[in-house]
Undergrad: 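Encoded as structure tokens, here's the structure I'll be asking about.
One is the number of the first residue; the rest follow in order along the sequence. For ligands, and for the atoms within them, numbers begin at 1 and follow the listed sequence. In what follows, every heavy atom counts, from backbone to side chain, and hydrogens, waters and symmetry copies are set aside.
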Amino acid sequence: MTTPRVVVIGGGITGLSLAFTLQESARRLGAPLALTVVDAAPRVGGHAWTTRANGFLIEAGPNGFLNREPHTLALVEALELGARLVEARPEAKRRFIVRDGRLCQVPDGPATLLTTPALSWRGKLRLMGEPFAAGPPAGVEETIHAFATRRIGAEAAEMLVDAAVSGISAGDSRRLSVGAQFPLMTDMERDHGSLVRAMFARRRQGTGPSKLLSFDQGMGTLVGALADRLGNAVQPDSPVLAIERTGDTWRVTMSGSRTLEADHVVVAASARAAAPMVGVLDGRLAAALDRFEYAGLTVVALGYRATDLPRALDGYGYLVTRPEGLASLGVVWESSLFPGRAPEGAALLRVMMGGSRRPEVVKASDEQKVTLAQAELARVMGIEAMPRHVSVFTWPGAIAQYTVGHFQRRADVMDRLGRHPGLWMCGTSYDGVSFNHAVKSGRLTAHRLADRLWGDRRPVDGATEVESASDRWEVETSGPNGAPGRPARSDPPSPRAAAGA
Ligand SMILES: Cc1cc2nc3c(=O)[nH]c(=O)nc-3n(C[C@H](O)[C@H](O)[C@H](O)COP(=O)(O)OP(=O)(O)OC[C@H]3O[C@@H](n4cnc5c(N)ncnc54)[C@H](O)[C@@H]3O)c2cc1C
């Protein structure tokens, strides 16, 4: 039996989930597999990175995931990490927006809708008229903003939805495609004629609100467990420069003229990172990959003495509405969410800055970012004290932007990939931007690759059962800023981000 050689490019959560799932399939089958995961960075995990400093446990990227995605939960189980899961405190359900310079609670039911200053009475009445809103325009790929304006009115679209979109994807609701970014919404409208009716129907079916989860030692727990199980297969400090084909074999060239030969190559890095790798192989594929857009994000984490904060951190945090003109998209009250994020008597806040709203902020110096973050915390929350701790993380291409035309751009990539048997692409550039989507994309690609390698011999594991049980694609809505959870939905079977052979 020949040993199939598989190279996974990108050791973020997509690539690690993929590699581990494939390795598990081989192990259960007793099949040989030569697996390598290469990553440009000195550590794996990509955006999923937990750091510790001065007693604070700080997430540089995602701080949690919703419990609605079976693929992530199956991965947690396979790694025996169930006992390490922690659930966000119930107060975290309370979320705020900044409107007219003050914090207003986001309505989460009829009682808070009546009392919140987040919307005017006119805005509230229009929102309550959602069941009677006009249906979708025929033949148009609507933006999120247009969809929300049509269904819940201009004010709620601006104050609640646009702010939430900034929180989830660091993007602009006027440019993002509702079908690509929030397919659940278009599904709910199609199936029930109204989002409100759809929510009641979901409740009747027992689909309650999702829970936000993390691990006792943060999201790095999952990354660390995956890296441990993959052992020497993981090669950090290995930036890939080119992917080429010589005869039946793929050749992956890294910096320092190092090369790897493979039967299958999976690019689990972003489309933007993939484009230069395939420039020589297929200029049209490179051009198609280059058409994907990204928004950058800066995270400024600030640790304070709890007594230095003028208000209780009694919720998840807040999102900033566009008219406020701030550089912050939102602030997550980290130490209120999960235990162990700050030492006794201290509090940890993460200010998320930049996005497509204020791209110049991501390019500023760390010093400028900290000054800006502190000034905006003073303005919104009245925090004048100096922080005990500050960390800055900058992610220039943080989140893929599914702007109008996303489905066509994705189809163009798939079309070109069909010409290159053995070359696969997956990850959050294509089928959903959240942590859960990344895990799902990695695992589904591993299943397809296992089918290709071992066909009927592939053992049925928990993951396979998950896949067949849910052929609909759930949309994760726990965004980088912890935007208000939005009801989720599914979309049509993907034109397979992972094309492969
Ligand atoms: C600040 C921030 C906060 C977020 N918060 C949340 C949240 O709370 N909840 C949530 O669900 N999602 C959140 N997200 C999104 C979530 O982090 C992503 O969905 C997920 O981590 C993406 O994982 P990935 O593996 O697809 O990509 P990445 O994490 O980007 O990993 C890609 C990997 O590819 C590597 N790579 C790139 N180029 C090359 C090359 N040439 N050669 C080799 N390797 C290469 C990179 O080094 C990287 O390790 C957040 C994102 C950010 C940036």
Undergrad: Only heavy atoms count here, so choose which of G12, G64, P42, P236 is nearest to atom 31 (O) of ligand 1.
TA: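 Considering heavy atoms of G12, G64, P42, P236, the nearest to atom 31 (O) of ligand 1 sits in G12.
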
Undergrad: I'd like to know whether ligand 1 has A274 as a neighbour, heavy-atom separation below 4.0 Å.
TA: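 No, A274 has no heavy atom closer than 4.0 Å to ligand 1.
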
Undergrad: Where on S238 is there a heavy atom closer than 4.0 Å to ligand 1, on the side chain, on the backbone, on both, or on neither?
TA: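 Within the 4.0 Å criterion, S238 contacts ligand 1 through backbone atoms alone.
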
Undergrad: Taking distance alone, with no angle check, do I13 and ligand 1 share an N/O pair under 3.5 Å?
TA: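 Yes; at least one N/O pair falls below 3.5 Å.
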
Undergrad: If we count only N and O atoms by modelled type, under 3.5 Å, do the side chains of T403 and R409 hold a donor and an acceptor together?
TA: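 Side chains of T403 and R409: pair found under 3.5 Å.
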
Undergrad: For the residue pair S214 / R341, report whether a side-chain donor-acceptor contact shorter than 3.5 Å exists.
TA: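 The answer is yes; a qualifying pair exists.
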
Undergrad: For W424, does the six-membered ring have the charged nitrogen or CZ of R448 within the cation-pi criterion, i.e. under 6.0 angstrom from the centroid and within 45° of the normal?
TA: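 Cation-pi check for R448 and W424: fails.
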
Undergrad: Can you find a side-chain donor-acceptor pair between T72 and N436 that sits under 3.5 Å?
TA: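 There is such a pair between these side chains.
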
Undergrad: Using a strict cut-off of 4.0 Å, indicate which atoms of ligand 1 neighbour a heavy atom of A398.
TA: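 Numbered from 1, ligand 1 contributes 53 (C).
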
Undergrad: Heavy-atom contacts with A269 under 4.0 Å: which atoms of ligand 1 show up? List them by number with element.
TA: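 Checking each atom against A269, I get 34 (O), 36 (N), 37 (C).
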
Undergrad: Does any N/O atom on V433 come nearer than 3.5 Å to any N/O atom on ligand 1?
TA: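 V433 vs ligand 1: N/O contact under 3.5 Å present.
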
Undergrad: Between R258 and D237, is the closest basic N to carboxylate O distance under 4.0 Å?
TA: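 Not counted as a salt bridge, because no side-chain N and carboxylate O are separated by less than 4.0 Å.
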
Undergrad: So is M277 in contact with ligand 1, going by heavy-atom distances below 4.0 Å?
TA: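 It does; at least one heavy atom falls under 4.0 Å.
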
Undergrad: Decide whether an N or O pair under 3.5 Å exists between F435 and ligand 1.
TA: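 Yes; the residue has a nitrogen or oxygen that sits under 3.5 Å from a nitrogen or oxygen of the ligand.
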
Undergrad: Any atoms of ligand 1 less than 4.0 Å from a non-hydrogen atom of G46? List them with their elements.
TA: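 Taking each heavy atom of G46 in turn, ligand 1 has 29 (O), 31 (O), 48 (C), 49 (O) under 4.0 Å.
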
Undergrad: Between C426 and V266, is there a side-chain heavy-atom distance shorter than 4.5 Å?
TA: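 A side-chain contact under 4.5 Å exists here.
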
Undergrad: Quiz question: by atom type and distance under 3.5 Å, do the side chains of T298 and T394 form a donor-acceptor pair?
TA: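 Yes, side-chain donor-acceptor contact under 3.5 Å.
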
Undergrad: For the 3.5 Å polar cut-off, considering only N or O atoms, please tell me whether A40 and ligand 1 meet it.
TA: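 Indeed, backbone or side chain, A40 has an N or O that close.
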
Undergrad: In the structure I gave you, are the side-chain heavy atoms of K440 and E69 within less than 4.5 Å of one another anywhere?
TA: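 Counting from C-beta outward, K440 and E69 do come under 4.5 Å.
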
Undergrad: Indicate yes or no: does D108 engage R95 in a salt bridge with an N to O separation below 4.0 Å.
TA: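 Judged by the 4.0 Å cut-off on N to carboxylate O distance, D108 and R95 do not form a salt bridge.
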
Undergrad: Answer with yes or no whether A60 contacts ligand 1, where contact means a heavy atom under 4.0 Å from a ligand atom.
TA: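 Distance cut 4.0 Å: A60 passes for ligand 1.
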
Undergrad: Which atoms of ligand 1 sit under 4.0 Å from any heavy atom of I9?
TA: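 In order of numbering, the contacting atoms are 42 (N), 43 (C).
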
Undergrad: Can you find an N or O of W395 that's nearer than 3.5 Å to an N or O of ligand 1?
TA: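 Between W395 and ligand 1 (N or O atoms, distance only) the closest approach is not under 3.5 Å.
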
Undergrad: L297 versus ligand 1: do any nitrogen or oxygen atoms come within less than 3.5 Å of each other?
TA: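 In this structure, L297 places no N or O atom under 3.5 Å from an N or O of ligand 1.
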
Undergrad: Could you tell me, atom by atom, which parts of ligand 1 come under 4.0 Å of a heavy atom of V299?
TA: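 Those qualifying, in numeric order: 1 (C).
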
Undergrad: Taking salt bridge (Lys or Arg N to Asp or Glu O under 4.0 Å) as the test, write out the residues that go with D216, two or more places apart.
TA: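 D216 satisfies salt bridge (Lys or Arg N to Asp or Glu O under 4.0 Å) with R84 once adjacent residues are dropped.
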
Undergrad: Backbone or side chain, does any N or O of V240 fall under 3.5 Å from an N or O of ligand 1?
TA: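 Yes; the residue has a nitrogen or oxygen that sits under 3.5 Å from a nitrogen or oxygen of the ligand.
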
Undergrad: Kindly identify the option in D39, T394, V37 whose heavy atom sits closest to atom 47 (O) of ligand 1.
TA: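 Heavy atom nearest to atom 47 (O) of ligand 1 belongs to D39.
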
Undergrad: Could you check whether any heavy atom of P239 sits closer than 4.0 Å to an atom of ligand 1, since that is the contact criterion I want to use?
TA: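 Contact check P239 vs ligand 1: positive.
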
Undergrad: More than 12 heavy atoms of other residues, nucleotides or ligands under 6.0 Å from CG of D228: yes or no?
TA: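 Counting other residues, nucleotides and ligands, CG of D228 exceeds 12 neighbours.
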
Undergrad: Does anything in residues 216-241 form a ring-ring contact (aromatic ring centres under 6.0 Å, His included)? List the pairs, not counting sequence neighbours.
TA: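 Qualifying pairs, neighbours excluded: none.
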
Undergrad: Would you say ligand 1 has an N or O under 3.5 Å from any N or O of N436?
TA: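 No.
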
Undergrad: Which of the atoms in ligand 1, numbered in the order shown and given with their element, are less than 4.0 Å from a heavy-atom of N63?
TA: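 Atoms satisfying the 4.0 Å criterion: 8 (O).
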
Undergrad: What I want to find out is whether R358 reaches E360 closely enough, with some N-O distance under 4.0 Å, to be called a salt bridge.
TA: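 Answer for the salt bridge query: yes.
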
